[in-house]
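What follows is one structure encoded as structure tokens, with my remarks underneath.
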Amino acid sequence: TGAGGAAASLPQFYAYIAIQPPPVITGHLQSRIESKQAVQALVHSLTAEEATWKQQGCAPLCVGDAAGQPLLTALANGRIHSLVWCGLGACGWLAPTSPQPITIDTMVAATRASAAKPKIAIVCHQYGAQRAAKALHATGIQTVIWLRAHFTQELAPIFSSLLAPLLAE
């Protein structure tokens with residue numbers, strides 16, 4: 001099988017929700033716990049609305065930790081319809097435990113490598129959201145929305161009230 005066959009065997013996602021955990025400094029484990037709780041709340045909310053997502057043709061959804069290769073591979077191979085990138089931001093604040101951390105540069109490189117760009121990208125960062133959104137838009141993603149939010153405290157409410165209707169369009 002050639003490269004095209006390998007790409008075709010990769011999963012296709014309607015929405016890939018990449019949640020980048022904040023960096024952890026000794027003594028600041030609370031930020032990691034809050035991040036995990038935010039992800040769990042979002043997954044619970046999405047699971048509760050699974051039938052609606054499927055009925056609207058907005059499935060499958062993937063919630064990932066934005067920690068490396070699965071996200072970049074899916075982007076580079078055009079397997080993502082809608083990208084949601086949440087994190088602390090500042091275009092490069094990384095969780096030190098991540099073996100292949102996602103930065104704006106790696107996101108841009110993976111998106112540029114793809115012939116099939118996501119139809120929409122939503123950047124939800126506390127810092128640098130506009131800068132990250134502009135960089136993604138420059139790769140050829142036609143619709144890029146950015147919002148500044150503290151994602152660990154506001155992720156599930158923001159997603160259900162604002163982002164979910166945008167993804168369903």
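- For Thr106 (side chain) and Thr103 (main-chain N/O), a donor-acceptor pair under 3.5 Å exists by modelled atom type.
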Please set out all donor-acceptor pairs under 3.5 angstrom arising from side-chain atoms of residues 140-147, sequence neighbours excluded.
unit_1	atom_1	unit_2	atom_2	d
Gln142	NE2	Gly140	O	3.4

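- One N or O on the side chain of Ser114 and one on the backbone of Gly78 form a donor-acceptor pair closer than 3.5 Å.
- Using a 4.5 Å heavy-atom threshold, the side chains of Lys117 and Leu75 count as separate.
- A heavy-atom distance below 4.5 Å is found between the side chains of Met107 and Leu83.
- A search for side chain to side chain donor-acceptor pair (under 3.5 Å) contacts involving Lys134 returns nothing, not counting sequence neighbours.
- Side-chain contact between Trp85 and Ile122: absent, with no pair of heavy atoms (C-beta onward) separated by less than 4.5 Å.
- Minimum interatomic distance between Val123 and Ala129 (heavy atoms only, all atoms of both residues): CG1-O, 3.9 Å.
- Side-chain contact between Pro70 and Tyr16 is present, with at least one heavy-atom pair separated by less than 4.5 Å.
- The distance from atom CD1 of Ile17 to atom CD1 of Ile80, rounded to the nearest 0.5 Å, is 11.0 Å.
- In this structure, His81 NE2 and Leu61 CG are separated by 11.5 Å, a value rounded to the nearest 0.5 Å.
- Without hydrogens or angle criteria, Arg112 side chain to Thr139 main chain gives no donor-acceptor distance under 3.5 Å.
- Shown here for Ala121 and Leu136, the closest heavy-atom pair between the two residues is CB-CD1, 4.4 Å.
- Looking at residues two or more places apart in sequence or on another chain, you find no salt bridge (Lys or Arg N to Asp or Glu O under 4.0 Å) involving Lys119.
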